[in-house]
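Both counts, for ligands and for their atoms, begin at 1 and track the order of listing.
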Amino acid sequence: MTTDKRALQTALLEWYTENKRDLPWRKTKNPYYIWVSEVMLQQTQVDTVIPYYERFITRFPTMHDLARAPEEEVLKAWEGLGYYSRARNLQQGVREVVEKYGARIPDDHEQLLKVKGVGPYTAGAIMSIAYNRAVPAVDGNVMRVAARLFRIAEDIAKAKTRRLIENVIAEYIPEDGASDFNQAVMELGALICKPKNPRCEVCPLAFCCRAKAAGEQELYPVKTRKAGKKSLHYAVAVVCDEMGRVLIRKRPDDGLLAGLWEFPMVLLESGENGAEQVSAYFEQTYGCRPSLTPTETTLTHVFSHLTWRLDVFLGRVGAEDVVFKSARDRLETKEDLKRYAFSAPHQKIRRLFLDQ
Ligand code: SF4
């Protein structure tokens, strides 16, 4: 089966014109806004991203605004979106563009790839969507569509398969229509060529899809299985003093959820008693033992590689009891807690137990 390039482009672009969703970042060619939207859309659903995107560009309308904002404020605007290293890298990349390129995002592909936090996908998206340059932008959706269309049986978890698919897609990008073409392939992956039960009966590319011709749509893309997720069990302590202030701490500056705020929590080994472990932790860290009450609440939070199970305890200490040894620990009123960027599971705990 050969693929007629012109027929594929025409069918795809006509379908896109008629079916594309009305998304806020599609109303702009501002490369900074495209950059923000593409970073937010990595690993996050479109519906979730829309309000975050709108608030973010209202809060940081120019690259100068984002570059000079304190990191805490950027994390706060990102609170709940997850994968916080994305926000940090975005801000660092924007700072680099402000300092090195006078706040003009390079329209040279090689130069753009050197900017902090800009990988092949983001660079391709900015080059094509904002600057209409014929550069592929290959994300998970595009890999799936291409693997099916061309029956590519290589493992898409491998970097060389991504490069292979970039090369295949590059062949089909129209010289003067890269912006719409790349977005059309992504949109087709999101709306029609879904991971499960692709809607081939309404697909504009069904006429040239090799996987469909072979009746093997569900066999593509080929992806090696990752090892099972690790599961960690924690006891979380929401501890107030007599003045109603709540004890919080800041996570380390690197690693998972770096720099975000949370209630103290202790990793439990199998069979360990949560209340006892929390008490011992408080004694060692804050020089006091809170009176603790278990709650019925156990939250599960799933990361890409890890699951947390969190048993929540409520506790009380005297106003003078807590001795801080680190500037990363604070006592704050419930109202003031809202100013802090919490990780998603701890945000949930804050809402459940402290928001009235
Ligand atoms: S025909 Fe089916 S498998 Fe092929 S691209 Fe369209 S939706 Fe995907």
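- For Phe342 and Phe263, the gap between ring centers is short of 6.0 Å.
- Contact check on Asp47 versus Arg21 returns no salt bridge, with no Lys/Arg side-chain nitrogen under 4.0 Å from an Asp/Glu carboxylate oxygen.
- Between Pro221 and Lys223, every side-chain heavy-atom pair lies at or beyond the 4.5 Å cut-off.
- For atom 6 (Fe) of ligand 1, the nearby protein N/O/S atoms, meaning those under 2.8 Å, are Cys203 SG.
- The aromatic ring centroids of Tyr83 and Trp78 lie 6.0 Å or more from each other.
- Under the 4.5 Å side-chain contact rule for hydrophobic residues, Tyr131 and Met63 share a cluster.
- Under 4.0 Å is where a charged nitrogen must lie from a carboxylate oxygen, and between Asp22 and Lys27 at least one such pair does.
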